[in-house]
Amino acid sequence: MASDDEQVRNRKAKLDHLKDAGNDPFAVHRFPRTHTSAQVVTQIEAAEEAAGDADMDWDAAGFEVTVCGRLMAMRDQGKSIWADLHDDAGKIQLWAGKKQLGDDAFDAFSDLDIGDIIGATGHAFRTRRGEPTVELSEWRLLAKSLRPLPEKFHGLQDIQLRYRRRYLDLIVNPDVREIFARRTAAIRAMRSFFDDRDFQEVTTPMMQPLYGGANARPFTTHHNTLDMDLYLRIAPELYLKRLVIGGLERVYEIGRVFRNEGIDALHNPEFTIMEAYMAYADYEDMMELFEGLVCEMAVAVNGSLQFTYRDNEISLEPPWQRVSLLDAIREAPGVDFGEISGDEEAREACADLELGDMTQDNWAALLDKCFDRFVAPTLIQPTFVIDYPVQISPLAKRLPDRPHLTARFEPHIGGEEIGNAFSELNDPIDQRERFEAQVRAGACGDEEAHPLDEDYLLAMEYGLPPTGGIGMGVDRVIMLLTGCTNLREVILFPQLRPEEG
RNA sequence: GGGUCGGUAGCUCAGCUGGCAGAGCAGGGGACUCUUAAUCCCAAGAUCGAAGGUUCGAAUCCUUCUCGGCCCA
C-alpha cells in the first residue's frame, strides 16, 4: 500500500511536528497575494525598461511581492536554496539565504518538500544568470503535500494514472494544461459565435421520460419520489425544437449527452454536444453556419484556419466541398443503395466487401458500414456529406424533388464525423409515420431505433416553423484542432474501468 | 471479438541466448550563498501484474488469467 511508503511517512512526520509546534498549515484559511508569477516577471521587465541601459541596482530597483503556489523544485546549496514556485500563471524562482532569512525560517524552508503549497513575500530581482527571482524575507506553509510527485523531468507517462489522477497530469505535464486551455478557448469562441448572432443559450432536461433525437442506446435511472424510470439524454434535440415551437427562434445548448455504447479512441459514454436551431432557415444555411463556427473555433485554438492532423495539412477555408452520400458509396465500394431496398438484397450486394458478419445487418446498417469503411476515411479536407435517405433520418425534412432523400448533412474532417444537421421535419403527420417506422425497426431488433414520442408529436401539431438545426461533437472538433488522436486527451476525466481487480 | 506490444523501486526506464534485481529522478544522511534536469560523497528503497508449469536454477522460456496501449473487425 502506498500509505506505508517511506516518503509518505516522512512527510506525515513533518506535518505532525508542525502541528505539535502550533504551525498547522491546514489551519490557514486564506492568503492574500499581490502578484502572480507572471506579474512578477512583467514588473521586473518593466523596471529594467525604466532603467534603460544602466546597470540594474536591484537593491534599489527591486520591489516587494507576495506570491503563492506549489513548490516544484528545490536546489539546496547549504546556506542558500533556490526553489521553483508554480502557480496558474506560470512559475517564479524563489531564493532563500540563511543570513538574509534568519536561521529558523531558513531551516524550516529547507525542510519543505516538493509539492508543498506555500506563500512567500520578498524582494523581486533578476539573478546574474538572468532568472526572475524573489528573495524571501518571509514565507509560510499553506498546505502540506503528503505524497511525492511524479518524476520532474519525464512527468507522468502511465496512461491510466494520467486519467485516473488527472490532477497529477496537470501538475507535472505542462502540455496537458495547454490542451485544456485551448479547449476552453474553443468553447468560449463557440458561445460568442452564437451570442453574436442573437442565439439564446438554454438548458434542457438531461433526465428525460423518453429519450430521442439520435439513434443510440440510453442509460436508465430511477426517480424515487415519482417512482419512475428516467433516461439520461442521448441528445437535446427534441426539447430544443419544442422551444422553437414556443417562439424562441434561435436557440443553442452546449452540454453533456450520454450514450450507452463502447469506449474507444473516438467514443466516451458521456460527451459534450452543441446543438443549435434557427427558425426560417434550412440545411444550406446550416452548412454556412457550421463552417463559420468551426472557423472561429479554429482561430481561437490555433490562430489559423490551417492545421495538421495525423500528418495531413487541413484547411478550413470555406466553402467546404459537398458529396452526396449515395453517390460516394456508389463510387467507392460500388454499391448503389439507391437501387436497393430490401435487407436481403443489401446483404447480397455487399457480399464481396469483407464487412464481417452481416447476418444481423439491415439495409441501413450496411449502408453505414460501407460509408464508414470506404468513404469516411477519405474525407480528410472538410466535407459535407449530404442528402441522406429518409429511412435513416427520422427527424429530417424530405427534399422536395427527391422525397426519398432528406435535406441532411454530416460534416467530416480528417476522416472523422464531427456532427449532424438538417432541415428539421416539421410535418407532424409525416413525423408520426417516421416514428412508427422506427418502432417497427426496433421490433426487428434495431436497439438504436428511435422511440415514438407522443409528447413531442403533440408539440409539433401546434406548428414548428421551417427550421434548420445543427449538432456538433464538441470533443471531436477540439481533438482535431489540438492534434490529439484520442478523445480522452481532451476530456478531463474520461470514463475508465474501476480501479482494483 | 481478432492481432500485436507492454505491466520491474513513489515516478521514468534498463535488464541480451535462463545464473546474486540495476540506473536516473524523488526520498534519507553529509558538503556547498547565482542555482535552474544544480553538482559531489554515503546509505536505503523491489511479492519483477497474478497463478501454474519446465528447469539444479525463471523478471527472462511455456500455459492460463488480468490490466493497459496500438492496429483490425
Side-chain angles (χ1 to χ4, degrees), chain A residues 1-14 37 41 56 58 70-86 90-103 106-107 109-116 123 125-136 145-165 167-169 171-174 262-266 310 350 353-361 365-366 368-370 372-374 377 415 484-489 494-501:
Chain A
M1 283 296 284
S3 57
D4 293 325
D5 181 76
E6 179 200 353
Q7 298 194 47
V8 176
R9 283 201 312 273
N10 288 341
R11 287 169 180 240
K12 281 184 174 166
K14 286 182 187 176
S37 59
V41 174
M56 285 300 295
W58 283 110
R70 189 184 294 273
L71 216 46
M72 290 299 288
M74 296 265 271
R75 295 176 291 280
D76 190 338
Q77 291 185 305
K79 297 186 179 65
S80 169
I81 300 172
W82 305 91
D84 293 339
L85 187 76
H86 286 216
K91 73 162 202 178
I92 184 73
Q93 179 169 264
L94 304 180
W95 181 72
K98 193 174 177 77
K99 204 168 76 185
Q100 291 81 351
L101 190 52
D103 286 359
F106 182 85
D107 292 345
F109 190 81
S110 74
D111 233 18
L112 289 173
D113 290 300
I114 289 171
D116 286 349
H123 208 64
F125 72 109
R126 191 189 289 279
T127 64
R128 290 201 284 279
R129 299 293 179 91
E131 186 71 28
T133 302
V134 176
E135 177 187 335
L136 297 192
S145 170
L146 296 178
R147 288 181 184 273
L149 290 175
E151 211 232 13
K152 64 178 171 186
F153 196 58
H154 299 92
L156 184 63
Q157 298 299 324
D158 184 289
I159 302 253
Q160 278 204 77
L161 269 185
R162 285 188 48 228
Y163 300 146
R164 286 191 201 286
R165 306 190 193 169
Y167 45 91
L168 291 181
D169 198 22
I171 289 170
V172 300
N173 296 334
I263 299 174
D264 62 31
L266 290 170
R310 291 187 190 270
C350 295
L353 298 180
E354 295 176 356
L355 294 177
D357 179 18
M358 298 191 294
T359 50
Q360 301 298 311
D361 295 336
L366 288 167
D368 231 37
K369 274 192 177 179
C370 284
D372 288 348
R373 174 85 168 271
F374 299 100
C484 295
T485 54
N486 194 310
L487 210 55
R488 292 182 297 189
E489 291 299 323
Q495 194 63 46
L496 300 172
R497 195 183 295 273
E499 211 162 4
E500 282 179 341

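Letters A, B, ... are given to chains in the order of the sequence lines, protein chains preceding strands, and every chain is numbered from 1.
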Say you draw a straight line from OG of A/Ser145 to CZ of A/Arg70; how long is it, rounded to the nearest 0.5 Å?
-> 6.0 Å
For B/A21 and B/U54, measure between their P atoms and round to the nearest Å.
-> 22 Å
Write down the distance separating the P atoms in B/U60 and B/A51, rounded off to the nearest Å.
-> 12 Å
Could you measure between the two C1' atoms, the one in B/C32 and the one in B/C13, and give it in whole Å?
-> 30 Å
Touch check for A/Leu156, heavy atoms < 4.0 angstrom, all strands: base, sugar-phosphate only, or nothing?
-> sugar-phosphate
Using the P atoms only, state how far B/C61 lies from B/C16, rounded to an integer number of Å.
-> 9 Å
Among B/G28, B/U33, B/U36, which nucleotide sits nearest the side chain of A/Ser80?
-> B/U33
Separation of B/C70 P from A/Asp264 CG (nearest whole Å) | 10 Å
Rounded P spacing from B/U64 to B/C25 in Å = 41 Å
Scan every strand shown for a Watson-Crick or G-U wobble partner of B/U36, both distances under 3.5 Å, and answer none if you come up empty.
-> none
Okay, side chain of A/Thr133, backbone of A/Arg126: is any donor-acceptor separation there less than 3.5 Å?
-> no
Mind checking the C1' distance from B/A59 to B/G7? Whole angstroms is fine.
-> 12 Å
Using heavy atoms to find the nearest nucleotide of RNA chain B for A/Glu151 and A/Lys99 separately, return the residue whose nucleotide is more 5′.
-> A/Glu151
Evaluate the side chain to side chain donor-acceptor pair (under 3.5 Å) criterion for residues A/Gln160 and A/Arg165: first the C-alpha distance (whole Å), next the side-chain angles of each, then the deciding distance (0.1 Å), finally the verdict.
-> CA-CA 8 Å; A/Gln160 278 204 77; A/Arg165 306 190 193 169; over 6 Å; no
Mapping A/Gly97 and A/Ile159 to their closest nucleotides on RNA chain B, which lands nearer the 5' end?
-> A/Gly97
For B/G27, does either OP1 or OP2 sit under 4.0 Å from a side-chain N or O belonging to A/Arg11?
-> no
Answer with base, sugar-phosphate or nothing: what part of the nucleic acid does A/Asp158 contact at a heavy-atom distance below 4.0 Å?
-> sugar-phosphate
Taking any strand in view, what nucleotide pairs with B/C16 in a Watson-Crick or G-U wobble way, both distances under 3.5 Å?
-> none
Could you tell me whether the phosphate oxygens of B/G69, OP1 or OP2, come under 4.0 Å of any side-chain nitrogen or oxygen in A/Arg488?
-> yes
Which of the following nucleotides, B/C71, B/G10, B/U36, is nearest to the side chain of A/Asp5?
-> B/G10
Begin with the C-alpha distance, continue with both residues' side-chain angles, and end with the deciding distance and a verdict on side chain to side chain donor-acceptor pair (under 3.5 Å) for A/Gln495 and A/Tyr163.
-> CA-CA 9 Å; A/Gln495 194 63 46; A/Tyr163 300 146; over 6 Å; no
State the NZ-CG distance between A/Lys14 and A/Leu112, to the nearest 0.5 angstrom.
-> 7.5 Å
Base, sugar-phosphate alone, or nothing: which one does A/Gln160 contact when heavy atoms must sit under 4.0 Å apart?
-> sugar-phosphate
A/Asn486 vs B/G69: side-chain N/O to OP1/OP2 distance below 4.0 Å = no
Across all strands, who's sitting opposite B/C70 as a Watson-Crick or G-U wobble pair, both distances under 3.5 Å?
-> B/G3
How close or far is atom P of B/A73 from atom CG of A/Leu266, stated in whole angstroms?
-> 14 Å
Separation of B/A26 P from A/Ile171 CD1 (nearest whole Å) = 17 Å
Between B/G2 and B/A37, how far is it from one P atom to the other, in whole Å?
-> 48 Å
Starting from P on B/U33, measure out to CG on A/Asp103 and report it in whole angstrom.
-> 13 Å
Value in whole Å for how far the P atom of B/C11 lies from CD1 of A/Ile114 | 16 Å
Flag the pair A/Lys369 and A/Asp361 as a salt bridge only when some basic side-chain nitrogen lies within less than 4.0 angstrom of an acidic carboxylate oxygen.
-> yes
Below 4.0 angstrom from OP1 or OP2 of B/G28, is there any side-chain N or O of A/Lys14?
-> yes
Scan A/Glu131 against the nucleic acid and name what it touches under 4.0 Å (heavy atoms): base, sugar-phosphate only, or nothing.
-> base
Closest to side chain of A/Gln100, choosing from B/C34, B/G10, B/U33 | B/U33
Output the single nucleotide from B/C32, B/G28, B/C71 whose closest atom is nearest the side chain of A/Glu6.
-> B/G28
Report which part of the nucleic acid A/Arg373 touches: base, sugar-phosphate, or nothing (heavy-atom distance under 4.0 Å, all strands).
-> sugar-phosphate
With both distances under 3.5 Å as the test, what is the Watson-Crick or G-U wobble partner of B/C25?
-> B/G10
Pair assignment for B/G57, Watson-Crick or G-U wobble, requiring both distances under 3.5 Å | none
Go through B/G28, B/U12, B/G10 for me and flag the one nearest to the A/Gln7 side chain.
-> B/G10
State whether A/Arg497 places a side-chain N or O below 4.0 Å from either non-bridging phosphate oxygen (OP1 or OP2) of B/U66.
-> no
Is A/Asp5 salt-bridged to A/Arg147, going by a charged N under 4.0 Å from an acidic O?
-> no
Which base sits across from B/C65 as a Watson-Crick or G-U pair, both distances under 3.5 Å?
-> B/G49
Proximity to the side chain of A/His154 - top-ranked nucleotide from B/C34, B/U12, B/A37 = B/U12
Expressed in whole Å, how much space separates the C1' atoms belonging to B/C5 and B/A23?
-> 24 Å
From A/Leu353 CG over to A/Arg373 CZ, what is the distance, rounded to the nearest 0.5 angstrom?
-> 8.0 Å
Rounding to a whole Å, what distance do you find between A/Lys91:NZ and B/A37:P?
-> 7 Å
